[in-house]
Amino acid sequence: MTSQDPPYDGPDDRGPVAALRRVAFLMERGREETRRVQAFRNAAATILPLPVDEVEARVAAGTLTELPGIGPSTAAVIEAAVRGRVPDRLARPGWGRPRAGPRGPPPRGRVPDRLAKLEREYAGPLTAGGHDLRRQLRGDLHSHSDWSDGGSPIEEMAFTAMELGHDYLVLTDHSPRLTVANGLSAARLAKQLGVVDAVNDHLAGAGFTLLKGIEVDILDDGGLDQSEEMLSLLDVRVASVHSKLKMDADAMTRRMIGAIRNPLTNVLGHCTGRLVTGNRGTRPGSRFDARAVFEACVEHDVAVEINSRPERRDPPTALLELARDLGCRFSIDSDSHAPGQLDFLDYGCERAEAAGIDADRIVNTWPRERLLSWAVGGSK
Ligand SMILES: [Zn+2]
Ligand SMILES: [Zn+2]
């Protein structure tokens, strides 16, 4: 893409692509494993470059499954969309318009398709509370793409964040030492920054910005797992502990405070590292002097992350309330590893609202310019 390209004028509204993306989004939002969703995302990628006429002809001839990556399940979604059998929701802006298919209007009395079923099962509210706060969030400071351990390309994360109404999304793939998550070397991160620039060029005028970030590992000695030079090129830096979670409490406290003191650190990610549910099993949180850690966050103006992932719910409520009482700022983050998980912010909002945390203390309720000014130390 070049600067000569016309400005971005909205998400792709071709029926089948929009339907496949919506199926994948709902499955991810409903906490289905990313690999189970992959077939629908792959099918959308197969269909996207094809002329509409060809897709319609293949529906009519029953030859969709001859295309790479299209099986019976994905072909059924494509066929339903081409024939105009899409739920009302897809007719709304942002999710594509239903089209009259090659064989006219939808037949009456047909069994509802997969998408209609998913809309019924998974499109409802994720939480009972937190909705007022959710409406005040303007973006998300923690997300992963398939450059590290996420399941989708950078642009798909950006498009979905935009469709959810975000003004910004910070892309925070992992740092080099987290090899199990395919952490980015300095060279790969430098390359990724070019991709982020290209995505933003493409989205110019859409009122959305993909921000440059990292989830940088906090090393055993409190250092950060990326060069100062690279970190200083980023907009927002989330620092998290991912290793030796069971280390001695005093050493863990020193380690975390070391990272918090680093002037480049903006957000302390999932501070205890606990897992409370899910297919990775459960584990207790790290032990550390939470008062000392949160006081350091106040002193150095580092936001305490409210990690929205259902299996994390981090910090635990007692620590969340301690951080609130000590005057910390917060960032409610999805830590999404798939586009549909960007909606997990609802879970964090419910917890923040229950803890009575003022919206203005939550940095992602701020407009982009205020966030960026804070992140470079403007209000530190
Ligand atoms: Zn993490
Ligand atoms: Zn993460």
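We count residues from 1, following the sequence as given. Please read these numbers as outputs of a predicted model, since none were measured by experiment. Remember, it's 1-based here, ligands and their atoms both numbered in the order they're listed.
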Check your understanding: Does any donor atom in the side chain of H144 or Q341 lie under 3.5 Å from an acceptor atom in the other side chain?
Key ->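 Distance-only check fails for H144 and Q341.
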Point to revise | Polar side chain donor-acceptor pair, D346 to T127, under 3.5 angstrom | key: no
What is the name of the N/O/S atom in [X] that sits closest to the Zn ion (ligand 2)?
{"X": "D335", "result": "OD1"}
{"X": "E215", "result": "OE1"}
{"X": "H142", "result": "NE2"}

So, the side chain of [X] versus the backbone of [Y]: is there a donor-acceptor pair under 3.5 Å, distance only?
{"X": "N200", "Y": "T209", "answer": "no"}
{"X": "R361", "Y": "R324", "answer": "yes"}
{"X": "R237", "Y": "G213", "answer": "no"}

Practice item. Determine which of the N, O or S atoms in H270 is closest to the Zn ion (ligand 1) and give its atom name. Key: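 Atom name returned: NE2.
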Exercise for review: State whether H174 contributes an N/O/S atom found under 2.8 Å from the Zn ion (ligand 1).
Suggested key: no
Review point. Is there an N/O/S atom in H144 that lies less than 2.8 Å from the Zn ion (ligand 2)?
Key: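 So H144 counts as coordinating the Zn ion (ligand 2), yes.
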